[in-house]
Amino acid sequence: MTAIHALAAMITRNLLIALRRPELLVQTMAVPVVVVALASVIFGASNSWPIALVDEDSSTGSHQFAQVINDTQGPTGSYFDIIETDARKAAELLHEGRLHLVITIPPGFDDTGIVEVATYNINTDAMKNIRLRVTTAANLYDSATNADQIAAIIDRERAEDVPRTAFMGGSAIILALLLGAALISANLYAVDSEHRTEKEIALTPLGSYIAGLGAAAAGWILAFVAAVPTVLVALAFGTRAGPGEVLQTSLVVLPAMAAAAGAGVLIAVRLRAHRVIQPVLILLALGSYFASGGFISVSALPPLARAFNAWWPPAYVFEWSNPLLHGFESRPGLAAIAAVSVAAFLGIGLAAAAAQRASRRKCGAWPVRAQH
């Protein structure tokens with residue numbers, strides 16, 4: 001019971017420290033919000049590609065083709081945003097990289113059915129996407145003008161599809177919880193180290209492991225508070241999940257947060273100063289989001305990234321949590337629950353042990369006044 005009371009006192013003390021020093025939580029709140037806002041605006045706000053459409057034929061057929069290009073849509077809106085129709089200006093904008101594509105309908109289109117397509121930086125994945133869009137539009141034109149034309153029917157949207165912004169928002173919430181648990185725990189432990197309250201804790205009967213446990217537990221609790229701004233931004237960008245999805249996702253995320261909190265204390269024991277700890281953990285969080293399954297799934301990443309993510313723990317948290325959060329899976333696998341539970345116990349246990357060892361190493365450096 002003494003250990004439980006001491007741990008409760010440490011948690012309460014750390015919560016009060018966070019209340020008096022809100023700057024310890026600011027980075028945790030800001031980073032995921034900035035990530036999801038920028039990613040959603042840049043990669044998911046609009047599905048339309050800026051192009052030029054130059055009609056040099058001006059025939060009935062060319063007008064029909066131009067209308068198909070203008071009307072072709074995907075699940076998030078129009079495929080193309082026609083911003084230029086003049087050939088000379090279109091060539092200049094394409095050369096400057098201001099356009100993704102120039103479609104030219106040459107004279108004699110009604111007889112030949114030929115269109116000319118020029119792209120900017122043809123070797124990128126984005127250009128593969130836009131050429132596929134042109135092919136889709138051409139297929140739709142052929143289907144509309146030639147009843148005997150063999151056409152592919154492309155299903156571009158399904159009811160269970162998740163918009164990119166919703167996927168990125170859900171991942172950002174997971175990121176906020178993991179980063180919050182790690183960074184806040186590390187900051188709280190670093191405060192003890194910087195202000196030398198380790199000495200007082202080390203001289204108690206229970207020892208300094210309580211400081212590690214208290215920092216990890218308080219960081220775990222405060223991570224939920226720090227994630228609130230990210231949740232609000234994710235909701236604004238379309239992320240939705242029902243109570244059942246949230247409950248199933250929590251079976252993976254909650255123990256993963258405990259593991260992250262323990263990892264935060266371990267890093268703080270090594271780096272000591274919170275001004276050093278913060279950039280390290282923030283960079284690791286950003287890398288995990290964009291290269292380990294937060295921004296896109298691991299299966300869609302390049303081979304080198306997939307090889308790295310085979311041993312990088314946050315990748316498994318994203319890969320196990322996102323299908324649950326978006327309703328692709330109804331419950332987590334037993335292996336996933338077992339893995340994150342073991343990680344949580346290891347993280348917390350190692351954090352407590354590291355805090356205890358760190359205080360013992362420093363005991364010889366603390367001056368002790370002799371009693372006469």
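Residues: numbered from 1 along the sequence shown.
Note on Phe328: it does not cluster hydrophobically with Leu247, by side-chain heavy-atom contacts below 4.5 Å among ILVMFWY residues. Clustering ILVMFWY residues whenever any of their side-chain heavy atoms sit less than 4.5 angstrom apart, transitively, puts Val68 in the very cluster that holds Val117. Connection of Met257 to Ile337 is not established within any shared hydrophobic cluster, with ILVMFWY side chains joined at heavy-atom distances below 4.5 Å, either directly or through further cluster members. Leu183 and Val280 fall within the same hydrophobic cluster, where Ile, Leu, Val, Met, Phe, Trp and Tyr residues are linked whenever their side-chain heavy atoms come under 4.5 Å apart, directly or through other members.
The ring-ring contact (aromatic ring centres under 6.0 Å, His included) test applied to Phe167 returns His326, not counting sequence neighbours. By the side chain to side chain contact (heavy atoms under 4.5 Å, CB included) test, His95 is found to be paired with no residue, residues two or more places apart in sequence or in another chain being considered.
If you take CD on Glu245 and OG on Ser330, they are separated by 10.0 Å, rounding to the nearest 0.5 Å. Atom CZ of residue Phe318 and atom CD1 of residue Ile174 lie 6.0 Å apart, to the nearest 0.5 angstrom.
For the residue pair Ser171 / Asn322, a side-chain donor-acceptor distance below 3.5 Å is found, with atom types taken as modelled.
Between Phe65 and Tyr141, the two ring planes are perpendicular [angle over 60°; tilted spans 30° to 60°].
Without hydrogens or angle criteria, Gln356 side chain to Tyr209 main chain gives a donor-acceptor distance under 3.5 Å.
Sequence neighbours left out, the pairs with a member in residues 92-104 that pass salt bridge (Lys or Arg N to Asp or Glu O under 4.0 Å) are Arg88-Glu92.
A distance of 6.0 Å or more separates the ring centres of Trp312 and Tyr316.
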